[in-house]
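Data first, discussion second: the structure below is written as structure tokens.
Numbers here are sequence positions counted from 1.
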Amino acid sequence: MKHQNSIQWAKRSLVALISAGMLAPVMAQDVGNRVAVVNSEKVFNESNLAKAMQTRLQNEFTKRQNELRDSAQKIKLAAEKLDRDAAVMSEAERIRRQRELADQDRELQRKQREFTEDLNQRTFEERAKIAERANVVLKQIAEQRKIDVIVQEAAYVSPRADITDDVIKALNNLK
């Protein structure tokens, strides 16, 4: 009986040693995985490329934006004048002016939609250029620091894992 317990104990010990030997390489592999996080919105807002993009877009669209604002103001003034003068106008004149205002308002709304679409398209194009450069920088940082995975927009980020400022700094150093 004592001999049988010793054999079972030896078998269990051998199984434990073999299992530990098999787990060691698996555990060693897990230790090597490194994850980093980047806040892409911060990159799109705070890098020098992003600031230059904002300046370019502002220069490109300010004139149209001002024209739209001026047109809206003219329509508003014309509508107020129509309201004041409607009592002394003939019915035909009042209807004609209301139609003119409605046509002007539709035209303004069309121009505003076109403006918004053009601005969104140009913003998308500019952000794509920044993203392309940021991806190159991300790859370089991952290779230098031996990072296996870079995640965007995590729910929680330890300051050790956040590489956003490093990405911005690297983008700012690009020519």
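Looking at every heavy atom in both residues, Ser71 comes nearest to Leu108 through CB-CD1, 3.8 Å. Summarising the geometry of Arg122 relative to Leu57, their closest heavy-atom pair is CB-CD2, 3.6 Å, with the distance given to 0.1 Å. Nearest approach of Phe44 to Ala50, heavy atoms of both residues: O-CB, 2.7 Å. Considering every non-hydrogen atom in both Asn39 and Thr164, the closest pair reads N-OG1, 2.7 Å.
Residues passing the side chain to side chain contact (heavy atoms under 4.5 Å, CB included) test with Arg94 are Leu82, Ala86, Met89, Glu91, Gln98, sequence neighbours excluded. Residues satisfying the side chain to side chain contact (heavy atoms under 4.5 Å, CB included) test with Val136, not counting sequence neighbours, are Gln140. The side chain to side chain contact (heavy atoms under 4.5 Å, CB included) check on Ala36 picks up Ile147, Ile150, Ile163, with sequence neighbours excluded. Listed by chain and residue number, Lys76, Leu77 satisfy the side chain to side chain contact (heavy atoms under 4.5 Å, CB included) test with Gln73 (two or more places apart in sequence, or in another chain).
Salt bridge annotation for Arg97-Glu100: absent, with no cationic side-chain nitrogen under 4.0 angstrom from a carboxylate oxygen. A salt bridge is defined here as a Lys NZ or Arg NE, NH1 or NH2 lying under 4.0 Å from an Asp or Glu carboxylate O, and Glu93 with Arg96 meets this definition.
Atom CG of Leu138 and atom CG of Leu171 lie 8.0 Å apart (nearest 0.5 Å). Distance CZ/Phe61 to CG/Asn66: 13.5 Å, rounded to 0.5 Å. Atom CD of residue Glu41 and atom CD of residue Gln152 lie 9.5 Å apart, to the nearest 0.5 angstrom. For the atom pair CD1 (Ile130) and CE (Met53), the distance works out to 4.5 Å, reported to the nearest 0.5 Å. To the nearest 0.5 angstrom, Glu46 atom CD is 5.0 Å from Ile168 atom CD1. Distance CD/Glu114 to CD/Gln109: 12.5 Å, rounded to 0.5 Å.
You'll find the side chain of Arg64 stays beyond 4.5 Å of the side chain of Lys111, heavy atoms only. Inter-residue side-chain proximity for Phe124 and Arg127 is flagged as unmet; no heavy-atom pair is nearer than 4.5 Å. Proximity of Gln65 to Leu119: side-chain heavy atoms (C-beta onward) are nowhere separated by under 4.5 Å. The shortest distance between side-chain heavy atoms of Gln54 and Asn45 falls below 4.5 Å. At least one side-chain heavy atom of Asp165 sits under 4.5 Å from a side-chain heavy atom of Lys42.
Around the CD atom of Gln58, the shell of radius 6.0 Å holds no more than 12 heavy atoms that belong to other residues, nucleotides or ligands. Residue Glu80 places its CD atom among more than 12 non-hydrogen atoms of other residues, nucleotides or ligands, all under 6.0 Å distant. Heavy atoms of other residues, nucleotides or ligands lying less than 6.0 angstrom from CZ of Arg110 number more than 12.
With a 4.5 Å cut-off between side-chain heavy atoms of Ile, Leu, Val, Met, Phe, Trp and Tyr, the cluster of Tyr156 takes in none. Counting side-chain heavy-atom gaps under 4.5 Å among Ile, Leu, Val, Met, Phe, Trp and Tyr, the cluster of Val37 also holds Val35, Val149, Val151, Val157.
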Exercise for the section: List the steps, then state whether side-chain contact (heavy atoms from CB on, under 4.5 Å) holds for Asp105 with Leu101. Expected result: CA-CA 6 Å; Asp105 189 53; Leu101 277 175; over 6 Å; no
Handout entry: side-chain hydrogen bond (donor to acceptor under 3.5 Å, both in side chains) between Asn59 and Arg56, intermediate numbers included
Key = CA-CA 5 Å; Asn59 290 339; Arg56 273 193 306 279; over 6 Å; no
Exercise for the section: Show your reasoning for whether side-chain hydrogen bond (donor to acceptor under 3.5 Å, both in side chains) applies to Gln121 and Glu125. Expected result: CA-CA 6 Å; Gln121 178 65 32; Glu125 291 168 1; 3.1 Å; yes
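A distance-only check finds no donor-acceptor pair linking the side chain of Asn172 to the backbone of Ser47 [under 3.5 Å].
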